[in-house]
Structure formats: C-alpha cells, structure tokens
Amino acid sequence: MTTLKKPLYFCNECKKVVGHLDDLLFVDEYSLKGFCSEDCIEDFYFPLIKYYEVMESSLRKKLNLLDEAINQIVDQEMVEEVLSTPDEIYRQSNELHETYYNFIKHYSHSSVIVVTSVYRKEASFVFLTTRTSSKALINEFRTGEEVRDWFSSLNEEEVPTGMMSVSEEEFAAGMEEADADEDMIFLQLLESKKSKVLADILIKRKDNDIPFEDFSGYESCFQETLDQPDEVFETRDNEGDKLFHYIKSFSMGTRADESFFYIIICLKRNSDNATTNVYPILALPTIDMEMCQEFRTGTRLTGPLQN
Ligand SMILES: [Zn+2]
C-alpha cells in the first residue's frame, strides 16, 4: 500500500523501505541506524571489522607480538563467556552517540578481548576478538570510560551520556487512555524530532561548551526548568509541528562565567480535550549564549503550561 501519511523507515544498508519501526534491527543503543536484516548489518559493518583487524595487527607489530606464542583464535563459546562474565568493560562513545565496548576476561595464562556494540544491554555486533598474554596489548584496549556497574545497572533504563529523553514506559504511563496506534505514531514522531534537534545542536555547538559526557551532572536541572522556567518560547519547526523551548539560567557560583543555561525542547501533542500536552524531546545544558539564543525564537509565553 502506498501512502505518504505514515512516517518513512528504511534500511541503512540496502535502503529498502519497511512498513514499521519494528521491522528494523538495531545494533547500537543510541545511534538511530536501523537495518532490515542480519545480512545488511554484516554488510554495513564489514569495513569496521577490517578496520579493527588492521588496528590489531598494527598494535601487535608495535608491541612485537605478531607471532605471539599462544593460540590467538577465540571461538564462539569463549566469546559468549567473555560477554557474560567479563572482568573489565570499557566504553567509548563519540559525539554521534555511537558506542563501542571492549570486554576483557582474564584466564590463567592469557586474556581474551572482545570489541562489540551493545543494544539493550546485550552485545549486538562483535567487531574484534583476540587473545593475548601481553599486558601491554591488553592496556591498549583499556580506553574510554570503565564500566563498573554493568550487572547492577542491567535493568535500569540508561540515558545516553546524560541526554534526557522520554522512555517508552514513561510515555505509555502518561497515555493510558489514548489510542495505542496514535501513541506509537507520536512516539515515532518524538524520536525523529529528537534526531533532528540533536543533529542541529551538534552542528551549532562550540568545542568549549559543556561536554556531552558531563550532561548527566546537570539532570537535576531538568524538573526545575520544566516547573519554573525563566522563559518559554513557542515556535513551529519546518515540518509545521509546534515546539516549546523551556529555558532557565542557573548559577554555580557568584561569577557570571560560572552560570549556564538549561534548555528543554518539547513537542506539543494535540488532544481532544482543551489541555495542551507537551513532551520533552531533548534537554541540554550550555554555557554558550549564542546556543541559548538559538532557542529564543517564536512567541515568548508567560503563562504556565501543563506538562
Ligand atoms: Zn537492508
């Protein structure tokens, strides 16, 4: 059935259009690349497997380990053991929220390293496996942020590097009486708005602004900004949807250069009754006045909004 009324979803590798968001497979928790099949995932990431292969060879060459006298092959069973009972985990994210994990498990005479992406707290695509008894080589994989709470946080909904967003559960809880299909469509709209707003922010943000990894330290500002904003602006994006920008300034100390802004971008959802429902798309702290100014557009509102 051909219709332009439904949102468009397609495979990132073969570009095949699929009917629903559910028809896409994901390998990375926070990057929004979806695929129609396992084959397409493999085709898409194959160059990265090669990249890691070359990387490993050059590390081994550098450390004089090209002919390390152990069996470097890691079988599937061992990979699963490393992933389910690792001794160390390191996580490295980039500004696109693509995240790679290094899992390390130590055995009596050697250690096994597995580089993988993770989706919903499970390894989703393995880029590299290797075995070594060289401490120097293991050290090369101890990069990024060490994950110490992997098992204790398995059931928690983790927000990517402090970026606030609406989880499906939170969303569902607030929408009990509404129609499920409409909810799904709205949720998909929220997701697509989120990636657009994020892309826009990435282009405009300055290098010296608050780093993404520090965003989680500002989460306490979220509710306060929603409840008692300094300013709220109502605007329409270029798709004609109504957005609200909540802005509040916070000061950490007495000096002006220690203050920052917290900005929450919300999407308005029209409902049958007279209330205005507003859902957060994205929130960010910034010390950049110009970034803040980007969100001071549209009509400035004074009255409170129901969230
Ligand atoms: Zn495909």
Side-chain angles (χ1 to χ4, degrees), residues 1-56 74-77 79-80 82-84 91-103 114-130 144 157-161 163 165-169 171-172 180-203 237-239 241 267 281-282:
M1 186 182 60
T2 308
T3 173
L4 290 171
K5 286 180 184 158
K6 284 200 306 184
L8 176 67
Y9 292 104
F10 64 91
C11 171
N12 264 61
E13 169 64 19
C14 72
K15 314 297 184 288
K16 186 175 104 180
V17 173
V18 299
H20 300 276
L21 179 60
D22 293 348
D23 297 331
L24 290 177
L25 304 169
F26 293 89
V27 298
D28 192 319
E29 199 81 68
Y30 307 121
S31 102
L32 296 168
K33 286 193 284 290
F35 300 94
C36 72
S37 63
E38 302 274 346
D39 284 349
C40 276
I41 292 175
E42 275 176 34
D43 290 347
F44 186 84
Y45 285 109
F46 183 71
L48 277 186
I49 294 178
K50 287 282 147 206
Y51 169 82
Y52 274 105
E53 211 175 278
V54 172
M55 166 89 78
E56 188 201 350
V74 181
D75 65 22
Q76 186 59 32
E77 202 175 316
V79 170
E80 274 159 27
V82 174
L83 292 173
S84 58
R91 167 170 59 199
Q92 195 148 40
S93 298
N94 62 23
E95 291 209 358
L96 301 173
H97 289 303
E98 293 161 338
T99 309
Y100 303 91
Y101 289 78
N102 300 340
F103 281 65
V114 177
V115 179
T116 180
S117 59
V118 167
Y119 184 65
R120 302 216 159 136
K121 286 282 178 187
E122 281 193 39
S124 52
F125 193 86
V126 172
F127 297 99
L128 175 78
T129 61
T130 192
E157 177 73 19
E158 207 181 327
V159 180
T161 55
M163 192 67 79
S165 68
V166 191
S167 76
E168 291 185 27
E169 293 85 59
F171 186 83
D181 279 351
E182 273 183 31
D183 287 355
M184 198 56 206
I185 290 167
F186 185 71
L187 197 59
Q188 288 168 357
L189 180 67
L190 263 186
E191 272 303 316
S192 87
K193 294 287 179 205
K194 182 177 157 185
S195 44
K196 285 190 192 104
V197 171
L198 182 60
D200 198 36
I201 289 171
L202 285 174
I203 291 166
D237 64 11
N238 49 22
E239 291 166 323
D241 291 301
L267 178 64
I281 301 172
L282 207 82

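Counting convention: from 1, in listed order, for ligands and their atoms alike.
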Atom pair CZ (Phe46) and CZ (Phe127), whose distance is rounded to the nearest 0.5 Å: 13.0 Å
Heavy-atom check, side chain of Leu21 versus side chain of Phe26, under 4.5 Å: yes
Polar protein atoms near the Zn ion (ligand 1) [N, O or S; cut-off under 2.8 Å]: Cys11 SG, Cys14 SG, Cys36 SG, Cys40 SG
Donor-acceptor under 3.5 Å (Ser117 side chain, Tyr100 main chain): no
Donor-acceptor contact below 3.5 Å, side chain Lys15 vs main chain Glu13: yes
Mutual orientation of the aromatic rings belonging to Tyr45 and Phe125 [parallel < 30°, tilted 30-60°, perpendicular > 60°]: tilted
Within 6.0 angstrom of Glu239 CD, more than 12 heavy atoms from elsewhere: yes
